[in-house]
Amino acid sequence: MKKSILFLALMPFALTACLEDEGNYDYTELDTVEISGLAESMRCVLLQKQNITPNVVTSIPESRLEYIWRVGADTLATTKTLDYTFTDVPINNDPLTFEVLDKETNVRYSKAINLTVVSPFTTGYAILTEGGKLAFQSFESGNPLYNDICQEVGADPLSGTPKAVKQLRWQDGNSGAWYDRISVTMQGGKSPEFDGVSMKQTKFYEDEFHTSSVPQFSYISAQYFNADKAIDIITDKGQVYVKRIGSMGSPDAGYFEYPLVSTSGNYRLAPVLTRVTSNDPYYITLDEQNHCFVTWMGNNLSARIAPLNFAAPEHKNIPGTLLWIGNPLYTSDAYAIVKNNGKYYLYVINYELSYTTWNMEATMKSAVELPDGAINDNCVFAANIVMSGYSVTTNYLFVGDGPKLKAINLLNLNDINSAVIDVATFDGDITDMHFDRDVNVLPDAEFSIAVSRSNGSSIYQIDPTIINHGAVIRKFDGIQGRIVSFCRKI
């Protein structure tokens, strides 16, 4: 008890001693690092070099400092200046972070920048040239032109003879997101597919065959891919291989195995086809061996190639070779140019598709012999579309004949000699042309032509109105080599 009283009596003195102790401690201020000269946000374009040098103010000796640039856990550089080129769009929304590390104290000082990396290949023109190079004319700010994508991304050069380039789009069955790639057909070489964002090679079509031998390609119908729309390859022997999957998903889930069979037995398809509409799974082309237009479904593994069902007997026999066949967007007509015994014929086929029985009935709306000199084997074709709300009409078939742009008036085929109209003359040969529709730009119905010259090529977006005589809306120059094929990437 006495000890407790003594302890309590001494407590005030103990507290006073603590409060009056001024101590003898050495408080040293931490070093500071001030980082400036960096924006709060940054927008980078793939394949365009970034060169950024921040301003760093500190009393810490340079020998103790270490610099790091990173996005998420990925280190881009360990130098004060960022000299870097993005080749992929980051998956996550991590910021670009600049860090200064004091190696002696292990203290880090950082500045985060909101980062957006965009692809210049989202929209524009994918272009295949005679020299076997894939080019891309971007619609990104500044309209950059990449004349050799393989060299830009470090991919193997294209091999073989260039035939065609197309965009392939598909929708993920789970997320609903849309993806795209660029397909290139090379005859006598390997036909690659490129990622639509980075333009890196993803695969070769030849590697997707589960057969002992791989055929030579003449045509790939790479446009859309899902449960209803297949990828079809027509070989140089006129056979068609189909790649399908059972449900929507990546085109990597399928493969090519056997060619389709025909109800006519042996067959030889023309190296070009068209889909009846952008939403239906039927394809049409000419069987040049059995002299008839044929069709097949793109969503049925047991599909057979069968002749189109025409009521008139004369329309069931179409001898000759098919130069071109096309089906304008959202229309129920297909247009075909067939050469037979030195003469050229224009066929206009209307079809009605039953969505209950999936049977298709065809009607030959027109079958006319074109005037001498109207077209030749080297001509290219595009059927125009006229949009009026949800209504679509096709009034003209455009013909590229060397430097001349012509039009065949489809509303005046009864007087075919006066139906061929000279529209405009350009400063080079028209080697390819397309109508495309991009709802993100105006005008959304675009008519684009490739004009090739010995000293370089151009792509023109032109006014499709006949009375404006091919007036140029936009022009893209500087494309190296003669253009074999191009597609509008949307």
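All of these numbers come straight from a predicted model, not from anything done at the bench.
For Asp377, the CG atom sits in a packed shell: over 12 heavy atoms of surrounding residues, nucleotides or ligands are nearer than 6.0 Å. Counting heavy atoms of neighbouring residues, nucleotides and ligands inside a 6.0 Å radius, atom CD of Gln48 exceeds 12 of them.
Judged by distance alone, the side chains of Arg453 and Ser458 do bring a donor and an acceptor atom under 3.5 Å apart. Counted by atom type alone, Tyr146 and Lys133 present zero donor-acceptor pairs between their side chains at under 3.5 Å. For Ser218 and Asp236, the side-chain atoms include no donor-acceptor pair closer than 3.5 Å.
Looking at Ser110, its side chain never comes within 3.5 Å of a backbone N or O of Phe98 through a donor-acceptor pair. At distances below 3.5 Å, not a single donor-acceptor pair connects side-chain atoms of Thr123 with backbone N or O atoms of Phe139. Under the 3.5 Å distance criterion, the side-chain polar atoms of Asp195 are matched with a main-chain donor or acceptor of Val197.
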| request: Please test Phe435 against Tyr396 for ring pair (Phe, Tyr, Trp, His ring centres under 6.0 Å), starting from the C-alpha separation and ending with a verdict. | output: CA-CA 12 Å; Phe435 267 91; Tyr396 296 96; over 10 Å; no
| Step by step, would you call Ser36 with Asn55 a side-chain hydrogen bond (donor to acceptor under 3.5 Å, both in side chains)? | CA-CA 5 Å; Ser36 60; Asn55 185 31; 3.3 Å; yes
| task | Apply side-chain hydrogen bond (donor to acceptor under 3.5 Å, both in side chains) to the pair Arg482 and Ser454, showing each step before the final yes or no. | result | CA-CA 7 Å; Arg482 188 177 179 88; Ser454 59; over 6 Å; no
| request: For side-chain hydrogen bond (donor to acceptor under 3.5 Å, both in side chains), just list the numbers for Thr465 and Asp463, CA-CA rounded to whole Å, side-chain angles, deciding distance to a tenth of an Å, and then say yes or no. | output: CA-CA 6 Å; Thr465 308; Asp463 189 329; 2.8 Å; yes
| Chi angles and distances behind the ring pair (Phe, Tyr, Trp, His ring centres under 6.0 Å) call for Tyr335, Phe381 | CA-CA 10 Å; Tyr335 302 87; Phe381 306 90; over 10 Å; no
| Test salt bridge (charged side-chain N to carboxylate O under 4.0 Å, His left out) applied to Arg70 and Asp94, step by step | CA-CA 9 Å; Arg70 62 180 176 83; Asp94 294 321; over 6 Å; no
Distance-only donor-acceptor pairs under 3.5 Å for side chains of residues 72-90, two or more places apart:
residue : atom : partner : partner atom : Å
Thr79   : OG1  : Thr81   : O            : 2.6
Thr81   : OG1  : Thr53   : OG1          : 2.8
Asp88   : OD2  : Lys200  : NZ           : 2.7

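Each of Asp436, Asp180, Thr122 was compared with Lys489 under the side chain to side chain donor-acceptor pair (under 3.5 Å) criterion, and only Asp180 meets it. Of the residues listed (Ile430, Ile459, Ile449), the one engaging Ile483 in a side-chain contact (heavy atoms from CB on, under 4.5 Å) is Ile459, and it is the only one. Each of Phe209, Tyr241, Phe256 was evaluated against Phe217; a single residue qualifies, Phe209, per the ring pair (Phe, Tyr, Trp, His ring centres under 6.0 Å) test.
Separating the CD1 atom in Ile479 from the CG atom in Asn147 is a distance of 7.5 Å, to the nearest 0.5 Å. Put simply, CG on Leu96 and OG on Ser41 are 11.5 Å apart, with the number rounded to the nearest 0.5 Å.
The aromatic rings of Trp296 and Tyr283 lie parallel to each other, their planes meeting at an angle below 30°, with 60° marking the opposite boundary.
Each salt bridge (charged side-chain N to carboxylate O under 4.0 Å, His left out) pair with one or both residues in residues 104-131, not counting sequence neighbours, appears once here: Glu40-Lys111, Arg64-Glu104, Glu99-Arg108. Residue pairs that meet the side chain to side chain donor-acceptor pair (under 3.5 Å) test with at least one member in residues 136-145, sequence neighbours left out, are Arg43-Glu140.
Among residues two or more places apart in sequence or in another chain, the salt bridge (charged side-chain N to carboxylate O under 4.0 Å, His left out) test is passed with Lys103 by none. Applying the salt bridge (charged side-chain N to carboxylate O under 4.0 Å, His left out) test to Asp156 and every residue at least two apart in sequence or in another chain returns nothing. Scanning for side-chain hydrogen bond (donor to acceptor under 3.5 Å, both in side chains) contacts around Asn106 gives an empty result, with sequence neighbours left out.
Side-chain contact between Gln167 and Ile490 is present, with at least one heavy-atom pair separated by less than 4.5 Å.
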